[in-house]
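Labels below follow one simple rule: chain letters A, B, ... track the order of the sequence lines, proteins then strands, and each chain is numbered from 1.
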Amino acid sequence: MKIENIIQKGLKTALAELYDFTPAESQIQIQNTRKDLEGDVTVVVFPFLRFSKKSPEQTGDEIGTYLVKNIEFVNSFNVIKGFLNLEIESSFWIDSLLEAYSNKNFGTDSQPEVSETVMVEYSSPNTNKPLHLGHIRNNLLGYSISEILKATGKKVIKTNIVNDRGIHICKSMYAWQKWGNGRTPENTGMKGDHLVGEFYVEFDKHYKAEVAELIEKGLSKEEAENQAPSILAARELLVKWEAKEEETMQLWKTMNSWVYEGFDVTYKTLGVDFDKIYYESETYLVGKEEVLRGLKEGLFYKKEDGSVWADLTAEKLDQKILLRSDGTSVYMTQDIGTAKMRYEDYSIDKMVYVVGNEQNYHFQVLAILLDKLGFKWGKDLYHFSYGMVELPSGKMKSREGTVVDADDLVENMVNVARDVANELGKLDSLSESDAEDTYRMIALGALKYFILKVDPKKNMLFNPEESIDFNGNTGPFIQYTYARIQSVLRKAADKNITVNSDINVDEISGKEKDLLKRVSLFPSVVAEAADNYSPAVIANYCYELVKEYNQFYHDHYIISESNEETRNFRLVLSSTVASVIKKGMNLLGIEMPERM
RNA sequence: GGACCCGUAGCAUAAUUGGAUAGUGCACCUGACUACGGAUCAGGAGGUUGGGGGUUCGAAUCCCUCCGGGUUCACCA
């Protein structure tokens, strides 16, 4: 049983007996005692003063005395300025360590009676550009939050909606036809998504030149933008695509398949995956049907030009277009269709969209529209909105070539990891392929941790010049500690020292106790991360845990400890810490090397 | 202009959701290995939490008001 629950229960009876008062949940505040003060658990007594009608010190005194007398684990207490600090017996913490040590699923085994099914949408790329740093944040957050939700007993379906249709795809297709010279991933050796991305850039280059030329000839900017030969050609392709014209469909399929192969490689390096992939080319018509149904039911209205709109002024929002005057669908229409298909395919209780915060308005509207259309799950869809990744120069802009490519970034990181490891000479004993594997783990550990440790809501800054650190509050720091513990455990095994759960120690040091307390927090940290949709909570916990372990390691002998009982206790402690680190970091999608 | 978000030391970030003296890393100084891994540990310096007001036992956190930054308000996706 968790210490908070025990104290809470005791506190309730204490208040009832002492002051004849039954507190509400919100009035009971139990927290960990500040590091620099005596005690383990702290109760805030301010909320009780109205009922005790005594000073904070006196009230704390009375409650403290009561708890020491009535709860066997509470040894002593002190009161500082209205904060009641309780000291908990060591045996309690040792028991909680044993629970963590013996339970393989410690922290990830909470099983709510009714297990919800949650679908998490993330990644959601366009097929005309390779993935970049922004996508990396999206993918890491999406993957991690899925793992965290699973750890709290939810059934999770990871999904990806690929935006594979529209004018932007036609631009790349046109550029390939016109300037492609028959280049393919096979004959150039290029990754498919990068190749297609080049054509998209190529299109933009020609288009811009054409527009400039037309303006030169006296056309207005708008006229020029609408009459440039390239854009006319791309639009023509879109019309052909919608008419399912044979040759165009073939080209579309071929180029998309190049991109998918490229994406698959990137997803694999990042270590993310999906249970089900949707394609907008398959869902947008469903959305259109839904909008027309809504129109018939009088939820939406039609303008004279034939376009269909939703009036959201009652919700203090604007008018929103749902179908263009030519009857084609917009972004919103597609999302309605995709949502409908998802709920038909799976019995989802909740939908989570991992999409950047520039879409806040879109999802606010989507929730209202789904609700209007009568989908009961619409109103409480969750938009996991995260901030953007900025560069020192500002926002990433593909036109200005300031985009940080996902594949390049990972490759650079692996190179840096290799250099650092070689300089330290740590991996000389490993075979080449094992060493490469380790460099990759470290590189990705650094990258993932760097991104996931910051609060998802916040915009974050990434400086490619400075690259990512391997010291301090970083992924490799945590990996290093893990590898070091593994090394200790290996050495112990070599010396035929057995580790068993029969712990007999009378006294433990302050550092050891800190570590025990920290380990016991893991399950509630996982729960908190899930409640707040925040992998950062896990990342920060892992860091604190590891930092505390390193302090303990520095101050105490483990294998070399002469007292066998103490040695055994420290081995159990080390092994438990290692497994908690591994579990926590796995929730972030970060692997732990056995040596580094 | 309307709506939403953000502002913490030179930089990057945390703060148990309103709690105690605002933690941590990088960078900068100083120290620690002939017993388990120095990608480590210990210490120092660095803050009016953008400014001002308010709410209360108590504010980085809530309210008001300025200042600065971002996003969004497309018959683009």
Over all strands shown, is [X] touching base, sugar-phosphate only, or nothing at heavy-atom distances under 4.0 angstrom?
| X | result |
| --- | --- |
| M460(A) | sugar-phosphate |
| L424(A) | base |
| F83(A) | base |
| Q29(A) | base |

Find the distance [X]:[atom1] to [N]:[atom2] and express it as a whole number of Å.
| X | N | atom1 | atom2 | result |
| --- | --- | --- | --- | --- |
| H554(A) | G38(B) | NE2 | C1' | 9 Å |
| I30(A) | G18(B) | CD1 | P | 17 Å |
| N360(A) | A77(B) | CG | P | 20 Å |
| F552(A) | C36(B) | CZ | P | 15 Å |
| N32(A) | U17(B) | CG | C1' | 15 Å |
| Q359(A) | G70(B) | CD | C1' | 15 Å |
| R34(A) | A14(B) | CZ | P | 20 Å |
| L447(A) | A12(B) | CG | P | 18 Å |

For the side chain of [X], counting heavy atoms from C-beta on, which of [options] is nearest?
| X | options | answer |
| --- | --- | --- |
| S487(A) | A39(B), A35(B), G37(B) | G37(B) |
| F46(A) | C57(B), U40(B), A74(B) | C57(B) |
| Y543(A) | U24(B), G38(B), C76(B) | U24(B) |
| V44(A) | U40(B), U17(B), G19(B) | G19(B) |
| V454(A) | C73(B), A20(B), U13(B) | U13(B) |
| R484(A) | G38(B), U21(B), A39(B) | G38(B) |

Write down the distance separating the [atom1] atoms in [N] and [M], rounded off to the nearest Å.
| N | M | atom1 | value |
| --- | --- | --- | --- |
| G52(B) | C41(B) | C1' | 44 Å |
| G53(B) | G31(B) | P | 45 Å |
| A12(B) | U16(B) | C1' | 23 Å |
| G19(B) | C4(B) | C1' | 30 Å |
| A15(B) | G23(B) | P | 14 Å |
| U13(B) | A32(B) | C1' | 28 Å |
| A60(B) | G51(B) | C1' | 15 Å |
| U56(B) | G18(B) | C1' | 10 Å |

Can you sort out the partners of E280(A) under salt bridge (Lys or Arg N to Asp or Glu O under 4.0 Å), two or more places apart, ordered by chain and number?
none

Kindly confirm whether the side-chain ring of F477(A) is stacked on the base of A39(B), judged by centres under 5.5 Å and planes under 30°.
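Not stacked: fails the 5.5 Å / 30° test.
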
Using a 5.5 Å cut-off between ring centres and planes within 30 degrees, is F470(A) stacked on the base of A39(B)?
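So F470(A) does not count as stacking on the base.
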
Partner of Y353(A) by ring-ring contact (aromatic ring centres under 6.0 Å, His included), out of F363(A), Y122(A), Y382(A)
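Considering F363(A), Y122(A), Y382(A), a ring-ring contact (aromatic ring centres under 6.0 Å, His included) with Y353(A) is found only for F363(A).
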
Quick one: stems involving RNA chain B, counted as three or more successive Watson-Crick or G-U pairs, both distances short of 3.5 Å.
B:1-7 with B:67-73, B:10-13 with B:23-26, B:28-32 with B:40-44, B:50-54 with B:62-66

How should the glycosidic conformation of U61(B) be described, syn or anti, under the criterion that syn lies within 90° of 0?
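Base orientation: anti.
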
Ion pair check, D193(A) and K129(A), cut-off under 4.0 Å
no

Measure from the side-chain N and O atoms of Y541(A) to the backbone N and O of R518(A), and report whether any donor-acceptor pair falls under 3.5 Å.
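Present.
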
Pick out which of I451(A), L447(A), L409(A), T474(A) makes a side chain to side chain contact (heavy atoms under 4.5 Å, CB included) with I468(A).
L447(A)

